[in-house]
*Asks:* 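Just passing along the structure, written as structure tokens.
Just so it is clear, the values below take in all heavy atoms, side chains as well, and ignore hydrogens, waters and symmetry mates. Note on naming: letters A, B, ... go to the chains in the order of the sequence lines (proteins, then strands), and numbering restarts at 1 for each one.
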Protein chains: 2
Amino acid sequence: MADAQETISDRIQHQLDALTRAERQLALSILEDYPASGLGPLTALAKGANVSVPTVARMVQKLGFKGYPDFQTQLRGELRDSAKSPLAKHETWAGAAPSEHILNRFTDAVIDNIRSTLAHLNPAAFDEACALVADQSRHLYIVGGRITHTLADYLFMHMQVIRPNLTHVRSTSNTWPHYLLNANEGDVFVIFDVRRYENNTLKLAQMARARGARIVLFTDQWRSPVHRLADVSLTCRIIVPSAWDSAATTMLLVETMISAVQTLNWESTKDRMQELEEMFDSTKLFRKFT
Amino acid sequence: MADAQETISDRIQHQLDALTRAERQLALSILEDYPASGLGPLTALAKGANVSVPTVARMVQKLGFKGYPDFQTQLRGELRDSAKSPLAKHETWAGAAPSEHILNRFTDAVIDNIRSTLAHLNPAAFDEACALVADQSRHLYIVGGRITHTLADYLFMHMQVIRPNLTHVRSTSNTWPHYLLNANEGDVFVIFDVRRYENNTLKLAQMARARGARIVLFTDQWRSPVHRLADVSLTCRIIVPSAWDSAATTMLLVETMISAVQTLNWESTKDRMQELEEMFDSTKLFRKFT
DNA sequence: GTGCGTCTGTGATAAATTTTTCACAATTCT
DNA sequence: AGAATTGTGAAAAATTTATCACAGACGCAC
């Protein structure tokens with residue numbers, strides 16, 4: 001546990017000169033395609049390096065490991081770390097605070113979430129979702145639950161500027177069935193549902209589906225049951241060191257979607273934004289400068 | 001040999017729908033830190049996924065492998081290949097999309113925002129803000145504007161669980177002066193204000209100040225004029241390749257604050273959360289599993 | 001070339017671990 | 001209530017690891 005710093009690769013390279021012929025052969029073979037070769041059975045590694053089994057066993061211990069399994073465990077640990085951070089991991093975000101400060105721990109977690117979410121996201125699915133949301137010929141319903149209504153709200157607010165023909169629905173409200181009366185085939189529902197998944201939301205999705213609507217779902221890695229009804233599911237990782245889940249990554253996706261949809265609809269949007277600006281100016285609701 | 005194309009990760013993701021609860025749990029665990037976790041002993045993988053050993057054995061065969069060792073061999077093969085292929089992957093967030101894709105461009109920008117925000121943030125100020133917000137002897141007012149009311153809402157919602165004695169104010173509403181009548185010296189206002197800064201918000205801040213209240217401000221890098229009245233200003237970078245600004249970084253700070261405040265108030269919060277859970281259970285508003 | 005010490009491979013074996021499989025009970029979903 | 005899924009505990013099978021003794025190979029000095 002002491003040496004979180006020095007990788008096995010480092011350690012081997014450092015000792016390379018002090019090694020004997022067979023050991024060097026083995027060492028080079030390990031480094032050859034690192035770390036894959038070291039993660040297989042000892043026998044395979046020996047054969048791959050053209051050395052004998054005892055040579056491998058001897059050298060692993062020489063490197064300071066209790067045995068081959070111990071060596072592998074460490075290798076896997078490195079692999080984990082390196083997968084997490086293509087770039088420098090052990091930087092602290094808020095330099096002025098220690099790395100155990102909640103600011104750094106939380107940010108670490110969120111960055112991890114972002115990385116993992118994007119890595120698993122299917123861009124084609126995302127594009128398809130954007131196209132659906134951008135399509136002004138379809139009425140757009142945006143649905144949020146108890147926690148997620150803020151995200152729904154955020155999306156709704158921006159979409160209001162970008163396109164007409166949309167409705168904000170709160171699944172926790174008991175008025176939502178009314179909205180569904182107006183839903184037609186081909187309309188689009190953007191639904192937010194993260195754990196704890198809400199029964200209302202599921203029912204709403206089922207009814208929307210029954211009316212022939214398309215469904216775009218924002219959910220978490222455990223996936224809301226709505227995903228079985230959805231045309232596109234966008235899955236976010238939401239784990240943070242807190243009693244709550246994080247909405248930051250979902251927010252990122254929502255904003256990205258806003259940006260993408262805006263680009264798709266740019267011709268019609270720019271006029272709408274222009275008008276909006278003018279209205280703000282005339283009402284003096286906002287200050288232009290500090 | 002045939003399938004140099006389809007990785008195990010792909011294969012798992014593809015089948016994710018067809019899997020049962022425990023299998024999905026396992027699948028997510030494998031993907032969680034891929035491929036490291038799959039390269040260890042079967043027993044460890046099972047334990048890590050909170051799943052029984054036979055479940056792992058069964059699923060590996062379901063995925064089309066002769067056995068766990070076979071599965072591992074393929075994983076190592078992938079690892080070899082990915083190490084060989086120069087890069088291109090580690091540069092982009094959504095590996096499956098080109099780096100010019102909006103997903104990658106937007107994420108780049110947000111990560112930059114986070115980095116920059118945290119680098120400039122004063123942890124002591126942040127801690128002070130959290131202490132103010134956590135102090136139950138002060139009434140807590142949370143104020144959002146036209147765009148930022150979603151963030152304010154998010155904070156309010158969580159604070160409602162964590163502590164009593166708080167109020168949500170929308171500066172765009174014309175009812176906010178009423179709230180101020182009740183504000184006492186020492187009360188705390190958490191105010192969100194990003195460009196375009198809102199006159200209403202500024203006026204509200206001035207009146208709050210005049211009544212001797214403390215002010216915690218979330219703002220952007222150009223800083224709302226409210227910052228001159230604030231005891232603590234938390235400044236976020238919000239630039240993204242979009243016609244809009246990004247709330248993702250602000251969301252990150254808000255969530256971190258929620259976590260920190262919750263920790264400060266843990267003793268009293270845990271009972272409140274417990275009660276909340278019970279209420280949810282009894283109302284059956286939520287589903288426990290998919 | 002000889003001798004010496006070190007290094008390495010062989011083949012075998014024992015020990016340890018891991019994988020696979022079973023039947024049955026418990027749980028959860030429908 | 002019934003069907004499907006999952007966990008338990010155990011045992012057997014298979015594989016992998018660790019060691020050993022010894023013989024051959026090699027480098028090197030004389």
Side-chain angles (χ1 to χ4, degrees), chain A residues 8 15-30 36-76 195-197 199 202-203 206 222-229, chain B residues 8 12 15-30 35-76 281 284 286-290:
Chain A
I8 290 182
Q15 297 201 10
L16 208 53
D17 291 328
L19 298 178
T20 58
R21 196 247 328 148
E23 287 174 337
R24 183 156 42 242
Q25 217 170 300
L26 171 59
L28 290 174
S29 172
I30 293 174
S37 53
L39 290 167
L42 184 149
T43 326
L45 179 58
K47 191 170 294 176
N50 282 313
V51 291
S52 68
V53 167
T55 300
V56 180
R58 284 190 279 250
M59 169 145 145
V60 164
Q61 309 200 7
K62 215 171 183 175
L63 284 172
F65 297 98
K66 225 186 130 196
Y68 192 66
D70 186 29
F71 167 79
Q72 289 190 311
T73 302
Q74 170 116 2
L75 265 188
R76 278 198 303 276
R195 69 173 185 189
R196 333 242 317 236
Y197 310 117
N199 278 328
L202 178 58
K203 291 202 185 109
Q206 282 164 341
W222 299 284
R223 303 215 293 186
S224 150
V226 174
H227 91 265
R228 279 188 288 268
L229 308 166
Chain B
I8 291 182
I12 292 177
Q15 298 203 11
L16 210 52
D17 290 328
L19 298 179
T20 57
R21 197 251 321 153
E23 288 174 332
R24 183 157 42 244
Q25 216 169 300
L26 172 59
L28 289 171
S29 171
I30 293 174
S37 53
L39 290 167
L42 183 149
T43 327
L45 179 59
K47 190 169 296 176
N50 281 315
V51 144
S52 70
V53 166
T55 300
V56 179
R58 284 191 279 249
M59 170 149 143
V60 165
Q61 309 200 7
K62 210 171 181 180
L63 285 171
F65 297 97
K66 230 189 123 192
Y68 190 67
D70 185 29
F71 167 78
Q72 290 190 310
T73 303
Q74 170 117 0
L75 266 189
R76 279 197 303 275
D281 280 350
K284 299 212 176 121
F286 299 95
R287 300 165 56 95
K288 280 212 167 162
F289 300 100
T290 66

*Asks:* Nearest whole Å is fine: how far is D/dT5 C1' from B/Arg24 CZ?
*Replies:*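 Interatomic distance, CZ of B/Arg24 to C1' of D/dT5: 12 Å.
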*Asks:* Just checking B/Val53: base, sugar-phosphate only, or nothing, at a heavy-atom cut-off of under 4.0 Å?
*Replies:* base
*Asks:* So which atom in B/Arg24 and which in B/Leu16 form the shortest heavy-atom distance, rounded to 0.1 Å?
*Replies:* NH1-O, 3.3 Å
*Asks:* A side-chain contact here means heavy atoms from C-beta on lying under 4.5 Å apart; do A/Arg228 and B/Asp17 qualify?
*Replies:*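 When only atoms from C-beta onward are counted, B/Asp17 and A/Arg228 do not touch, as no gap falls below 4.5 Å.
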*Asks:* Think B/Thr55 has a side-chain N or O under 4.0 angstrom from the OP1 or OP2 of D/dG7?
*Replies:* yes
*Asks:* Taking all non-hydrogen atoms of both residues, which atom of B/Thr55 and which atom of B/Ala22 are closest, and how far apart?
*Replies:* CG2-CB, 4.1 Å
*Asks:* Rounded to whole angstrom units, what separation is found between the CD atom of A/Glu23 and the C1' atom of D/dG27?
*Replies:* 16 Å
*Asks:* Below 4.5 Å, heavy atoms only, C-beta onward: do A/Gln206 and A/Leu202 meet side chain to side chain?
*Replies:* yes
*Asks:* Can you see if the side chain of A/Thr20 gets near the phosphate of C/dT8 - specifically, an N or O under 4.0 Å from OP1 or OP2?
*Replies:*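 Looking at the OP1 and OP2 atoms of C/dT8, one of them is under 4.0 Å from a side-chain N or O of A/Thr20.
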*Asks:* Quick one: B/Gln25 CD to C/dT28 P, roughly how many Å, whole number?
*Replies:*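 Distance, rounded to whole Å: 12 Å.
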*Asks:* Both B/Lys62 and A/Pro54 contact DNA chain D. Which one's nearest nucleotide lies toward the 5' end?
*Replies:* B/Lys62
*Asks:* Between B/Asp70 and B/Arg58, who's closer to the 5' end of DNA chain C by nearest nucleotide?
*Replies:*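 The residue whose closest nucleotide sits nearer the 5' end is B/Asp70.
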*Asks:* If you check the A/Tyr68 side chain, which of D/dT17, D/dG7, C/dT20 turns out closest?
*Replies:*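 Out of D/dT17, D/dG7, C/dT20, the nucleotide with an atom closest to A/Tyr68's side chain is D/dT17.
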*Asks:* Rounded to whole Å, how long is the line connecting atom CG of B/Asn50 with atom C1' of D/dT8?
*Replies:*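 In whole Å, D/dT8 C1' and B/Asn50 CG are 15 Å from each other.
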*Asks:* Atom NZ of B/Lys47 and atom P of C/dT18: how far apart are they, to the nearest Å?
*Replies:*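 Computing the B/Lys47:NZ to C/dT18:P distance gives 10 Å.
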*Asks:* Side chain of B/Ser52 only, please: which of D/dT8, C/dT19, D/dT17 is the nearest?
*Replies:* D/dT8
*Asks:* Take the protein atom CZ of B/Arg21 and the nucleotide atom P of C/dT30, then report the distance between them rounded to whole Å.
*Replies:* 13 Å
*Asks:* When the distance from CD of B/Gln72 to C1' of C/dT18 is rounded to whole Å, what number comes out?
*Replies:*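 Rounded to whole Å, this separation is 10 Å.
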*Asks:* Can you tell me the distance, in whole Å, between the CG atom of A/Leu42 and the C1' atom of D/dA18?
*Replies:*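 So the CG-C1' distance, A/Leu42 to D/dA18, works out to 9 Å.
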*Asks:* Is a donor from one side chain sitting under 3.5 angstrom from an acceptor on the other, for B/Arg21 and B/Gln25?
*Replies:* yes
*Asks:* Determine the minimum heavy-atom distance between B/Leu45 and B/Ser29, stating which atoms define it.
*Replies:* CD1-OG, 4.4 Å
*Asks:* Go through D/dT6, C/dT20, D/dT19 for me and flag the one nearest to the A/Ala57 side chain.
*Replies:* D/dT19
*Asks:* Which heavy atom in B/Ala27 sits nearest to a heavy atom in B/Ile12, and how many Å separate them?
*Replies:* CB-CG2, 3.6 Å
*Asks:* Give me the bend of the helix from C/dG1-D/dC30 to C/dT30-D/dA1, using the axes of the five pairs at each end, rounded to 10°.
*Replies:* 50°
